[in-house]
Structures are given as C-alpha cells and as structure tokens.
Colleague: 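One structure, as structure tokens, below. Some questions next.
Side chains included, hydrogens not; waters and symmetry mates left out as well; all remaining heavy atoms used. Here is how names work: the chains are called A, B, and so on, in the same order as the sequence lines, proteins then strands, and each is numbered from 1.
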Amino acid sequence: MTPQHQDSTRKKSVLQLDNYQPQPIEKKWLTVWQENNIYQTNTETNDKPKYYALSMFPYPSGKLHMGHVRNYTLTDVIARFKRMQGFHVLHPMGWDSFGLPAENAAIQNNIQPAAWTDSNIAHMKKQLAQLGLSVDWDREVTTCKPDYYQWTQWIFIALYKKGLAYKKEAPVNWCKNCETVLANEQVIDGKCWRDDSLVVKKNLSQWFFKITEYAQELLDGLDHLHGWPDRVLLMQKNWINRSIGAELSFPVDGHNARIEVFTTRPDTVFGVTYMVLAPEHPLVKQLVPAENQVEVEQYVQSASLKTEMDRLAADKQKSGVPLGVFAVNPFTHQKIPIWIADYVLVDYGTGAVMAVPAHDERDFVFAKTYDLPVQTVIAPDTENNPDSFRVENQAYTDAGILCHSGQFTGMTSTDAKQAIIAFAVAEGFGHKKIQYRLKDWLISRQRYWGTPIPVVYCEKCGTVPVSESGLPVVLPTDVDFSLKGQSPVSSSKTFLNTACPTCKSPAVRETDTMDTFVDSAWYYLRYIDAQNTQAAFTPEQVARWMPVDQYVGGIEHAILHLLYSRFIMYALSDSLSTEKTKLPKEPFKNLLTQGMVLKDGHKMSKSKGNIVDPTAIFNEFGADTARFFILSDSPPKADFDWKESAVEGCYKFLCKVWRCIGDQLAVLDDPLQSQLATAAFTPEISYSSLTGNTRLLYQTTHQTIAGITTDIAAEYQFNTVISKLRQFITHLSKFNGAAEAEKDPQCQVVLAYAVSSAIKLIAPVTPFIAEALWEKAGGKTSVHLAQWPVADPEALQQDTVNIVVQINGKVRDQFSVESGAEKAALASKAQSCQKIQPYLAGMVVVRTIVVPEKLVNFVVKPE
RNA sequence: GCCGAUGUGGCGGAAUUGGUAGACGCGUCGGUCUCAAAAACCGAUAGUGAAAGCUGUGCCGGUUCGAUUCCGGCCAUCGGCACCA
C-alpha cells in the first residue's frame, strides 16, 4: 500500500464519523435563506443604526481562490455579528468585470469578452453562494453592464464639467505588452503592475483626472482615518509626498526667457554653480544654439529611448550635456552654465533644478563627473569658523550656518530659508511653494474591454462631453480585438461617427476606454441604490449609508484603489452635497487589510501546483469548516497558512459541536427546549443562589460571551474568538446535565441558556451548522436574525482567584483565595506560605507589594 | 539610500494602563476502549536537570520590587518609496 493510498482511506473514515453531515445541511439552508430573503436589506428607514460592511469586489477571473474565501468570510462574519447586535446591515457584492484578461481570452479563444465574463460570473456566483455569505444579492453590481457603466460615464462628465477631467499631451507610461498607457500608480519598479513587462515613456495625448487638485485635502484627510492601518496611511502619505520650499526664477543670459525651479533648500541659493533642465523641458529646443544642436538632440533622443528600468539602473551615475547657454543667479549675479541631464525629471516640480553640488548628493556627483565648480555655502553648526569650512569628498546635505552668502551669511538654515524667500518676493523673482509628488491620474486606455470615455470631437465645437440623454455610450461589439497600438474600439464601423451633442454637425467619438480603477472607485455608492434607473444614486440614500463602516480587502490596493476612491468621493461630495444632504468625503471609515493565504508556507500558484480549490473543500468538509479554519489560526492582518491536517481538525471540532449540543438538548425538559431557540431568550436566573458546576457553567457562558464580543469589536481577533469557542464547547460537552440537575434546581435553565448562547456565538462564523442546530433546538425563525447574547457583568468575576507569591519578583509559591480579598489579608496569608520561608530566613522584608486579585511580592535584603 | 513593520516552543499563534510567558490549535509521544484499526476520550509536550532548581520572548545594555510589554543601541527578516530637487 502506497502512502497516498493510506492517506485517502484515513480521510474517508474521518468523514464517516458521527451524524454531522455538512453537505445536506448546507444545501438545505442555502435554499431556505434564499426563499425567505433573510439577508435582504430593506430600504425603508428604521430606528436601527446603520452598518455598511463591504468586501473589495472580485474580478471575475473564472474561479474563486482562497484569498477570496478569506476576504469574504471576514466581511461576512462581521456583517452577521453586527446584524445580530441589532444593526441595520448593508452587505453587498458585485463584480469588477472590465479589464484586460477578458480581452486576452477573447483574442485567444475567439469569443466575445462579454460572454467570457458572464460565464465566469455565473460560476463564481455559485461558489460564493456555497460559502454562505449573508449578501443581499438584489444589490449586485456588474461594472461591465451598461446599467452600471452609464453612471461611470456620468461621473466622468461631472468631473469634466468641474474641470477635473482634461486631455493633454504628456510623456506617459506605455506598457509594450498590454499595448496601452498606464497610470503612475500602476508602474512598479519601472514595470507594468499586471505583467511585469518594461514600461517606456511616450508622448501621447491622454485623458487625466485632476487628482492633484485634491492633494492637500487627501493628505489632511489621512489624519482623521483612525480606523485605517498605519502602514496604509503612511504609504498614501509618502505617495502624495508633500514638500515645502520655494519657486525661484533665473533669467537666461542674452535671452528673454527665465528658468523656473523648485527647491526645498532656498538657503543654499548662493551655492548654485549651474542649472539643469530635464531633456524634455520645452526651453531646451528654444534655447539651444546652432553649434550645440546636434549634441543636444542626440542626448534628448537617447534619454527618451531609455526605459524606466534603464534610468533606475543607472543609479548613482549621471550623464548630461551642456546646452551652451548661461543663466544668471539673481542673488549673486553670477553667470552659470545650463546643462541638460536625465536625472532631472520633467514631470516633477518645474522640470528644472538649480544645482548646488556642495549641498546635494546628486548635484555633487554630476559636478564631479563634468568638473563643475563646487561652492560651499552651508557649514555644520559645530564648525568654529564657518567661513573656512569646505565641502571636499561628499556633499554636506544637513542644515547648518550660512557662509559665503552675502547679507545672509551667519544665519541658520531655518532662518535663511524665510529671509531668502522674503527677499525673492520683494525683488520679484520667487515665492514660497508647496510641491506634491502625486501626479494627475491618467485614465485613458487604448483597450477594448472598459467603459467608453463619453466624449466626442466636433470640428466646430471641439471636445464635447456626451449629453446625459446620450448615455450610456455603449461599447460596440463589431470590433477587431487584435488591433494593436490603438483602441480596438476604433475598428468598429458603427461606433465612431456620431453627431455633436451641441451643434448636431458630424463628429467622431473618443475610442479610448477608461482605466478599470475608475469603475471600482465608486461602486460602493452604486450598491446603495443599485436598482435606480434614473440616477447613479440618490444623495439622500448615500448620506444615509455612507461612509462604509468596515471595508475588508488586500493590502495591494493600499495606494491604487483606495486613493482613487477617496479622490472620487471627495470630488462627488464637493459637487453633490447640499445644505440639507451632506455627503461624507471619506468613503471608508474602517479598513481591514487581510494577509495572504499560503499553502505550507508558500504562496499558492499555478506554477507550484499548490493551489487549494475552495469548491473541493466545500464538497469534502463543508463551507462551515472552511470558514472556521480560515479564521482560526492567524489574526486577519497576518498571512495565513493553509494546512490540510488542520482543516481536518476544524471539521472534527464541528462534529463535536454537533454532538455536544445534541446531547445537551436531550437532557433538557420540553418547555425549555422549545423556548431556548427564540430570538431573545434570557431566562430569569438567580445568580447568587447558583452552586457548584452549574454556577461554573453560568460563569463560563458569560465570560465567553463577553470575551468573544470584545475580541470581535476590538480588532477582529477571530483567532482568539475561535479559541474561546473551542474552550466553551469543551466545557459544555463535559457538563453532566443529568447529574447536576439533582444538585442544583436551576441547572436546567442555566444549561438551556448556555446551549442557546453557544449556537448564537458560533452563528457568525459557521452559519449553516448554527442554523441546523437552532432548528434542532426548536427554532422557528433564523438564528441569524436572533439577538446576540449580552454578558451578565456579575458573572464575569471568578469566585476564587489564584494569588502568586513572589520574592524579589520571582514566583516562589501561590495560593487560592476568595475573590475580593483585602490587601492586608493577602499579605499576611502570603507571609505564611511554606515555600517562601527559606527565602525569608536571614532576610529583612523592605517592601511588600500587593496587587489585588494577582500577586504579593516581598522585596527582601540580607539582615 | 530613506521610511515603516515584525522578531515568543517542532509549527500557527496567545498574553500589553509593566504583574504566574507559551492560552487555543497543529504535530509528536503515552494511555483508555477494541480481536484489530479508525473515531472518541484522558494525559504529557520550551530547554536543562534525578530532583530542588536554573535558563528562556532576536542580540547588548538601561529603568523597575517585577520587563515579551517602557527607554537606548545593534542584528535579522519582510514591506513601501526611490535621481521628487
């Protein structure tokens, strides 16, 4: 017999045990829940506080993976918990269904992207249902359907009208493999975020969203997002990257032109020994003298051919060519050469810098390479004679004392920055400036499967947005998907020609589509009003449900999706809020970024062949086991390791739950049996008269309720929730109801409450088995609509506590004492402990520290 | 290079206004039941030691009666940004 063979027989026998049968249970309740619409979020207003629980919606790639299972289970448990706690819960689901994979599949298999997407959605929807999500499917949204993207287009037009959408020619990121442009956020290490292929710069006319308009607001908003992980806040902060400095203007010698530069170090302006323009800077062509033209053009040409990777690989080395023209430093009136170098980026600041080799590492390297002068103007604070300080082998980049700086000599860097800016303002060649690294969001894509940009080009009127009555601009189907370098939409015979919305004369449509991140930047608003055919949403409903109370998804969207969504919400809030209806600016109040699902310590991947198929797990062990397991071992933020043997352990635990609840139900008398499975079962129990094991069961029940409620509310510590559930079930299964009933008359009712609570407590995590047990216990309505139990504060205290006795902080003995004992009593009892006597011999107690309910510590020293 | 997070048994992890380190689970070992196996149940499981005890939360130091927790310095791993002027 091979080892594999042994393994499979073993597994089979595990599954045959007992009478917990997940498959029929899960099948049955899926149907019942659906027929009774128990997860439908009605729209009528009620007194309950609202709670919006949202998962990052999936791309319909074909089938569910374990990352989905983890994401959606987390959100679902939160939604179910909040529902039982009495919140009016919105828990929707949908499909982020535009995007390149559908288009690639279309080319490969000669099938319409829409058909490919639809069949994927159908399959994945079935899988999601199996997982037992308490989702209101009436609110499902699919971004590739006209009834959704019509409103994406509407938002585009709204932004356009506010001047937040514009078209311009600019050097943009071009992915050779995807044959389309990419947003700045989609270029990772000089490579395409989707397929890792190299990205090059191209000068193209493209549509942008003016996210930079909101740079400061988006930055400030981060301070109020207390429910977001710090690292996401930090990543967004770094991405926006604000720097404070000055914009200074340098006249060009012999030309009627000025070079504007941005600097964070105006205090070093007396050390400027040359200037640098980015190769793409417009002044380059304008200023270059005839004798330098060939050399300069060659350099510009070679810089443009470099990929982002090449630029990065060059690392510390710098190259450039002199333009052959000079600028004048307005502070020193010195003539300084103007150079062109690709270490200066055209799309940051003004695309030009004043070079201070003495106090900037990059300028220093460049100056050394081309033998340009280095003028020291800042000396360290510690220098006794600042004027004699000289930068030699490396730039001095810290702040310090100014030297060789005219009237500013002797000032500190901080003071000099102010003074120099003030001087520049007075003389009219500069001002204070705040600069952001964040760039405008490039949203056009030269691809087919996306939302058409709703714009037409009219010979008379120019660029005109499609009127609202002209929406949706429907994506044509008569296209050649294999068209390269421009949008396949342009191959459509029916799409291109139209009439201008303004003057009705012939016009042509924009053929680019939108970045799919535009679709996903507002979908959480559409859920709120998913069936609205008159508008994207009604502001009143948005004001009622937004912001999302809990958003759950992967860390990979820390910048992309989460920054774009914030921008769109800020923009919509600004344009749609009225006196009466105020829309929030921040879309997501709390954010939970879950870790990855690994398999035996490795990333799951097709190439490794270690992918665990959720459906196989559902079929073998049931969705409850999958849900229970994926919450059990690691906290949500950490990576989770999927281990086969551990899954089995979870399955066995559910068998134990089934048996335990069944056994205890059998012990209960009839009237109690029929009462315990009602929504708000809270029997009259006289706690003070409880004794023995019955008293202990009551305490344990309430401690478990309190512990689990706290763990979920605080940080979604589901791993400790699971641990507490296990301990409680173990306790409950050891409780001998028949024997205890003879000792304590209240045993039956305490047991009934424990059983009722146990079913409720497992309900969010394992909804199927909970529902089945609830029915078994006589429940007539769903346990998922029952009330979450509330802990009795009196029962949370232990009757007796363990007191540790320490000598100089080391544990030497311990004793048990009734809870609530006085400090003095604890100290004297501790003093008499046998085991500590040897440590007290020949010693004198200099201090006694008593922590009530915890410990007594004697500080001793030799007599 | 800059910024940040993390570091606890064989493994995942638990414990924080500083108070018994290792909850709960996985794995392993032993036992009960059985003709036998599976399941179930019970017990053991940081290292070292016969035991008392000693050592132990990445490393070094500090504060404290007492430090996984606070402070300083270092190391390692992971993540983000990266010629941002």
Side-chain angles (χ1 to χ4, degrees), chain A residues 9-10 12-18 188-190 229-239 241-243 245 261-265 268 276 311-312 314-318 341-345 347-356 359-363 365-366 435-439 555 558-559 598 600-601 629 632-635 637-641 643-650 652-653 655-656 659 717 719-727 730 733-734 802-814 835 838 845-849 851 853-861:
Chain A
T9 48
R10 185 159 162 253
K12 204 170 175 188
S13 53
V14 171
L15 297 176
Q16 282 166 351
L17 68 96
D18 213 271
I188 319 271
D189 288 337
D230 287 344
R231 62 170 176 156
V232 175
L233 295 176
L234 194 72
M235 280 161 78
Q236 291 217 353
K237 189 177 169 211
N238 289 342
W239 189 261
N241 193 24
R242 174 177 126 124
S243 38
V261 299
F262 171 71
T263 178
T264 55
R265 295 295 302 273
T268 64
V276 190
R311 275 195 161 196
L312 294 174
D315 206 25
K316 291 272 150 66
Q317 288 172 23
K318 311 239 176 307
D342 65 4
Y343 81 90
V344 173
L345 309 172
D347 49 6
Y348 181 76
T350 59
V353 301
M354 57 177 223
V356 187
H359 305 293
D360 180 281
E361 278 170 27
R362 295 151 301 181
D363 297 343
V365 171
F366 191 79
Q435 183 70 44
Y436 305 89
R437 193 187 59 178
L438 180 71
K439 287 163 197 162
I555 185 77
I559 294 171
L598 310 174
D600 301 320
F629 177 50
S632 66
D633 259 1
S634 305
K637 281 180 221 167
D639 286 348
F640 179 86
D641 201 3
K643 279 190 287 192
E644 205 63 37
S645 58
V647 184
E648 230 175 80
C650 292
K652 286 182 200 169
F653 173 73
C655 293
K656 184 173 175 173
R659 236 179 305 121
Q717 296 287 351
N719 50 333
T720 56
V721 167
I722 297 284
S723 154
K724 289 182 172 91
L725 282 176
R726 283 181 181 273
Q727 289 174 71
T730 302
S733 66
K734 284 180 183 163
N802 203 34
I803 302 293
V804 164
V805 185
Q806 298 181 335
I807 303 290
N808 291 342
K810 277 192 183 290
V811 180
R812 296 302 178 187
D813 203 355
Q814 49 188 296
K835 281 193 188 166
V845 175
V846 292
R847 225 173 125 189
T848 305
I849 292 144
V851 182
E853 312 291 87
K854 288 225 164 92
L855 60 81
V856 178
N857 184 20
F858 295 111
V859 184
V860 302
K861 63 175 189 187

Colleague: Expressed as a whole number of Å, how far does the P atom of B:A39 sit from that of B:C26?
Modeller: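 Going atom to atom, P in each nucleotide, I get 12 Å.
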
Colleague: Strictly below 4.0 Å: does A:Arg231 bring a side-chain N or O up to OP1 or OP2 of B:A5?
Modeller: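 No, because none of the side-chain N or O atoms of A:Arg231 sits under 4.0 Å from OP1 or OP2 of B:A5.
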
Colleague: Identify whether any heavy atom of A:Arg242 sits under 4.0 Å from a base atom; if not, whether one sits that close to sugar-phosphate; answer base, sugar-phosphate or nothing.
Modeller: nothing

Colleague: Can you work out whether A:Asp360 or A:Ala646 has the more 5'-proximal nearest nucleotide on RNA chain B?
Modeller: A:Ala646

Colleague: Would you mind reporting whether A:Val805 and A:Leu855 have side-chain heavy atoms less than 4.5 Å apart?
Modeller: no

Colleague: Please give, in whole Å, the distance from B:G79 C1' to A:Asp639 CG?
Modeller: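 Taking atom C1' of B:G79 as the reference, CG of A:Asp639 is at 11 Å.
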
Colleague: Expressed in whole Å, how much space separates the P atoms belonging to B:G47 and B:G9?
Modeller: 12 Å

Colleague: Within less than 4.0 Å of OP1 or OP2 of B:C24, is there a side-chain N or O belonging to A:Ser632?
Modeller: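 So the side chain of A:Ser632 is outside the cut-off, no N or O lying under 4.0 Å from OP1 or OP2 of B:C24.
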
Colleague: Rounded off to whole Å, could you give me the CD-to-P distance for the A:Gln806 and B:U20 pair?
Modeller: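 It works out to 8 Å between those atoms.
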
Colleague: Does A:Asp363 reach the side chain of A:Tyr343, with side-chain heavy atoms less than 4.5 Å apart?
Modeller: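 A:Asp363 reaches A:Tyr343 side chain to side chain.
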
Colleague: For nucleotides 44-48 of chain B, tabulate all protein N/O to nucleotide N/O atom pairs closer than 3.5 Å, reporting atom names and distance.
Modeller:
none

Colleague: Any side-chain N or O of A:Lys656 less than 4.0 Å from the OP1 or OP2 oxygen of B:C41?
Modeller: yes

Colleague: Where each residue is assigned the nucleotide of RNA chain B containing its nearest heavy atom, which of A:Thr730 and A:Asn238 is assigned the position nearer the 5′ end?
Modeller: A:Asn238

Colleague: Quote, to the nearest angstrom, the C1' distance that separates B:U57 from B:U16.
Modeller: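 One C1' to the other, the span is 13 Å.
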
Colleague: Report which part of the nucleic acid A:Lys835 touches: base, sugar-phosphate, or nothing (heavy-atom distance under 4.0 Å, all strands).
Modeller: nothing

Colleague: What pair of heavy atoms forms the shortest contact from A:Gln435 to A:Tyr348, and how long is it?
Modeller: CG-OH, 3.3 Å

Colleague: Contact class for A:Ile849 (heavy atom, under 4.0 Å): base, sugar-phosphate, or nothing?
Modeller: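 It contacts base atoms.
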
Colleague: Would you say a side-chain N or O of A:Lys724 is under 4.0 Å from OP1 or OP2 of B:A15?
Modeller: no

Colleague: Using the C1' atom as the reference point in each nucleotide, state the distance between B:G49 and B:G56 in Å, no decimals.
Modeller: 15 Å

Colleague: Taking CD from A:Glu648 and C1' from B:G12, how many angstroms apart are they, rounded to a whole number?
Modeller: 17 Å

Colleague: Using the purine O4'-C1'-N9-C4 or pyrimidine O4'-C1'-N1-C2 torsion, is B:G7 syn (within 90° of 0) or anti?
Modeller: anti

Colleague: What's A:Thr848 touching, base or sugar-phosphate or nothing? Going by heavy atoms closer than 4.0 Å.
Modeller: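 Nothing: the residue A:Thr848, judged by heavy atoms under 4.0 Å, touches no strand.
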
Colleague: For A:Ile807 and B:G53, what is the distance between atoms CD1 and P respectively, to the nearest whole Å?
Modeller: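 My rounded result for the distance is 13 Å.
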
Colleague: Nearest-Å distance, CG (A:Asn241) to P (B:A85)?
Modeller: 6 Å

Colleague: Within the 4.0 Å heavy-atom criterion, would you say A:Asn802 contacts the bases, only the backbone, or no part of the nucleic acid?
Modeller: base

Colleague: So, OP1 or OP2 of B:C42: does either fall under 4.0 Å of a side-chain N or O from A:Lys734?
Modeller: yes

Colleague: What stems show up for RNA chain B when you take Watson-Crick pairs (N1-N3 plus N6-O4 or O6-N4) and G-U wobbles (N1-O2, O6-N3), both under 3.5 Å, and require three or more consecutive pairs?
Modeller: B:1-7 with B:75-81, B:10-12 with B:24-26, B:27-32 with B:40-45, B:46-48 with B:53-55, B:58-62 with B:70-74

Colleague: Work out which heavy atom in A:Ala355 is nearest to a heavy atom in A:Val276; give both atom names and the distance.
Modeller: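 A:Ala355 and A:Val276 have their closest heavy atoms at CB-CG2, 4.4 Å.
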
Colleague: If the cut-off is 4.0 Å, is A:Asn719 near the phosphate of B:C24, judged by side-chain N/O to OP1 or OP2?
Modeller: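 Checking A:Asn719 against B:C24: no side-chain N or O falls below 4.0 Å of OP1 or OP2.
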
Colleague: A:Arg437 has an atom CZ; how far is it from atom C1' of B:C3, in whole Å?
Modeller: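 Rounded to whole Å, this separation is 12 Å.
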
Colleague: Determine the contact category for A:Arg726: base if any of its heavy atoms lies under 4.0 Å from a base atom, sugar-phosphate if only primed atoms, P, OP1 or OP2 are that close, otherwise nothing.
Modeller: sugar-phosphate

Colleague: If I pick the C1' atom on B:A5 and the same atom on B:A85, what distance separates them, to the nearest angstrom?
Modeller: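 Their C1' atoms lie roughly 29 Å apart.
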
Colleague: For the pair made of CG in A:Leu345 and C1' in B:C81, what is the distance, rounded to whole Å?
Modeller: 14 Å

Colleague: Rounded to the nearest angstrom, tell me the gap between atom CZ in A:Arg812 and atom C1' in B:G19.
Modeller: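 Going from A:Arg812 (CZ) to B:G19 (C1'), I get 16 Å.
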
Colleague: Using the C1' atom as the reference point in each nucleotide, state the distance between B:G10 and B:U45 in Å, no decimals.
Modeller: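 The same atom, C1', in both gives a distance of 10 Å.
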
Colleague: When the C1' atoms of B:C78 and B:G27 are compared, how many Å lie between them, rounded to an integer?
Modeller: 27 Å

Colleague: Is the distance between the ring centroids of A:Phe629 and A:Phe640 less than 6.0 Å?
Modeller: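 Ring-ring flag for A:Phe629/A:Phe640: true, centres closer than 6.0 Å.
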
Colleague: Using a heavy-atom cut-off of 4.0 Å across all strands, would you classify A:Asn808 as base, sugar-phosphate, or nothing?
Modeller: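 Counting heavy atoms under 4.0 Å across all strands, the contact made by A:Asn808 is with sugar-phosphate only.
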
Colleague: Take a 6.0 Å sphere around CZ of A:Arg726 and say whether it holds more than 12 heavy atoms from other residues, nucleotides or ligands.
Modeller: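 Correct, the count exceeds 12.
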
Colleague: May I ask you to decide whether A:Arg265 forms a salt bridge with A:Asp360, counting only side-chain N to carboxylate O separations under 4.0 Å?
Modeller: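 The answer is no: the pair does not qualify as a salt bridge.
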
Colleague: Considering only the C1' atoms, how many Å lie between B:A15 and B:A23, rounded to the nearest integer?
Modeller: 8 Å

Colleague: Applying a 4.0 Å non-hydrogen cut-off, can you work out what A:Gln435 is touching in the nucleic acid: base, sugar-phosphate, or nothing?
Modeller: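 A:Gln435: no heavy atom of the nucleic acid under 4.0 Å.
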
